[in-house]
Amino acid sequence: MKVTLRRVGLFGGTFDPPHLGHVAALSDAWASGSFDEIVVTVAGDPYLKSNEGAITPASRRLAMAEAAFAELPGVRVSDMEIRRSGPTYTIDTARELLTADVTLTLIIGADVVPQLARWRESETLASLVMLYVLPRGDELVKIPAGWQGTIASMEPVDLSSTFTRERLENGENPHGLVPEAVIPLL
Ligand code: ATP
């Protein structure tokens, strides 16, 4: 029997808040034709309060992500990482999504590439998924040894959640930073 594989992209993040860089990333990934569906997972609340400062509660980040990406074709926002108790590990999410008829690709920004080796069960994860890497900044990006994947050809979009939060805290106009639908939820 011939099984048609469903090509699923997984775009995980904190989305505190979701911004137009995320939208550009998802639009590029969908336009690449590499995916039948893209699942956006919003990370749960941090297990250990880190010294990075307070993170917006997961329920609000989820609502913002749903609003931000609602209009994007092929994209579904999932609360699966929020419903799971304890810390968010991509390997757990990957195992949950990887049914027999699925191929899974992690859609990640280039800033995430150097962290992959430190992720839980990194080698196993590398054997289970492919990568679709989005450029961030001007640095040349490479697929790390042991992983398979492609580099997106999109022009880098110079936006991050940190930058967006700083701008908003300064009372700056959110237009041009976050999708319009997110503005009432900020
Ligand atoms: P922070 O400022 O806290 O690092 P972030 O903007 O990177 O936040 P996350 O929610 O941590 O946002 O990112 C989720 C995913 O989106 C990551 O893979 C990240 O690399 C990617 N990403 C974020 N901003 C961009 C961007 N401007 N272009 C491409 N990918 C992006």
Side-chain angles (χ1 to χ4, degrees), residues 8-32 34-35 38-46 49-69 72 75-82 87-91 93-94 97 104-119 122 125 129-144 147 149-170 172 174 176-179 182 185-186:
V8 176
L10 169 58
F11 189 57
T14 311
F15 303 109
D16 192 19
H19 52 72
L20 292 173
H22 295 134
V23 172
L26 286 164
S27 303
D28 173 90
W30 182 252
S32 74
S34 310
F35 304 104
I38 298 175
V39 181
V40 173
T41 52
V42 179
D45 287 322
K49 285 285 171 212
S50 66
N51 49 14
E52 284 177 34
I55 295 181
T56 304
S59 55
R60 222 172 109 214
R61 290 184 287 107
L62 178 70
M64 287 194 287
E66 280 169 345
F69 309 136
L72 297 180
V75 173
R76 169 168 73 89
V77 176
S78 164
D79 65 353
M80 61 193 284
E81 291 185 348
I82 296 173
T88 298
Y89 294 121
T90 302
I91 185 74
T93 308
L97 290 173
L104 192 62
T105 299
L106 302 185
I107 301 169
I108 54 173
D111 57 305
V112 175
V113 170
Q115 304 166 15
L116 287 172
R118 297 197 300 273
W119 282 11
S122 173
L125 187 63
V129 303
M130 289 170 289
L131 300 177
Y132 185 87
V133 181
L134 309 148
R136 289 194 85 172
D138 292 333
E139 264 177 58
L140 210 64
V141 199
K142 274 210 230 137
I143 300 295
W147 296 76
T150 51
I151 313 280
S153 56
M154 74 181 261
E155 283 299 314
V157 177
D158 191 14
L159 267 182
S160 69
S161 292
T162 306
F163 174 84
T164 303
R165 278 197 310 276
E166 284 167 3
R167 289 300 189 87
L168 296 173
E169 277 158 23
N170 284 341
E172 287 184 38
L177 295 172
V178 303
V182 172
L185 304 174
L186 287 169

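Bear in mind that the values here come from a model prediction, so they are computed numbers and not experimental data. In each ligand, atom 1 is the first atom listed, and ligand 1 is the first ligand listed.
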[atom] - nearest protein heavy atom and its distance:
| atom | result |
| --- | --- |
| atom 16 (O) of ligand 1 | Phe11 CZ, 3.1 Å |
| atom 20 (O) of ligand 1 | Asp111 OD1, 2.6 Å |
| atom 30 (N) of ligand 1 | Leu134 CD1, 3.8 Å |
| atom 6 (O) of ligand 1 | Ser161 N, 2.7 Å |
| atom 18 (O) of ligand 1 | Gly109 N, 3.0 Å |
| atom 13 (O) of ligand 1 | His22 NE2, 3.4 Å |
| atom 3 (O) of ligand 1 | Thr162 OG1, 3.3 Å |
| atom 7 (O) of ligand 1 | Arg136 NH1, 2.8 Å |

Quiz prompt | Candidates Ile38, Val40, Leu104, Val129 - the one meeting side chain to side chain contact (heavy atoms under 4.5 Å, CB included) with Leu10 | solution =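 Single side chain to side chain contact (heavy atoms under 4.5 Å, CB included) partner of Leu10 among Ile38, Val40, Leu104, Val129: Leu104.
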
Practice problem: Using a 4.0 Å heavy-atom cut-off, say whether Val112 meets ligand 1 through its side chain, its backbone, both or neither. | Solution: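 The part of Val112 near ligand 1 is the side chain, not the backbone.
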
Quiz item: What part of Phe163, side chain, backbone, both or neither, has a heavy atom within less than 4.0 angstrom of ligand 1?
Solution: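 Neither; nothing of Phe163 gets under 4.0 Å from ligand 1.
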
Mark up the atoms of ligand 1 that fall under 4.0 Å of a heavy atom belonging to [X], in ascending order.
| X | answer |
| --- | --- |
| Gly12 | 14 (C), 15 (C) |
| Gly13 | 10 (O), 14 (C) |
| Phe15 | 10 (O) |

Exercise. Kindly say whether the aromatic ring centers of Phe11 and Phe69 come within a distance under 6.0 Å.
Key: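 Centroid separation for Phe11 and Phe69: 6.0 Å or greater.
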
Tell me whether [X] at atom [atom1] has more than 12 heavy atoms from other residues, nucleotides or ligands lying less than 6.0 Å away.
| X | atom1 | result |
| --- | --- | --- |
| Glu172 | CD | yes |
| Asp138 | CG | no |
| Gln115 | CD | yes |

Quiz item: Counting distance only, does the side-chain N/O of Thr14 pair as donor-acceptor with the main-chain N or O of Asp16 below 3.5 Å?
Solution: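 Looks like no, no N/O pair under 3.5 Å.
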
Quiz item: What about Asp16: any of its N or O atoms under 3.5 Å from an N or O on ligand 1?
Solution: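 No; the residue has no nitrogen or oxygen that sits under 3.5 Å from a nitrogen or oxygen of the ligand.
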
Quiz item: If we only count N/O pairs under 3.5 Å, is Val157 in contact with ligand 1?
Solution: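 Indeed, backbone or side chain, Val157 has an N or O that close.
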
Self-check item: Gap between atom NE2 of His22 and atom CG of Leu26 - 0.5 Å precision
Solution: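 Reported to 0.5 Å precision, the distance equals 8.5 Å.
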
Self-check item: Inter-residue atom distance Ile108.CD1 - Arg136.CZ, 0.5 Å rounding
Solution: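 Here the interatomic distance stands at 11.0 Å.
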
Exercise. Can you see which heavy atom on Thr93 is nearest to which on Glu81, and at what distance?
Key: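 Residues Thr93 and Glu81, closest heavy atoms: OG1-OE2, 2.6 Å.
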
Exercise. Quick one: do Val178 and Met64 satisfy side-chain contact (heavy atoms from CB on, under 4.5 Å)? Show the steps, please.
Key: CA-CA 10 Å; Val178 303; Met64 287 194 287; over 6 Å; no

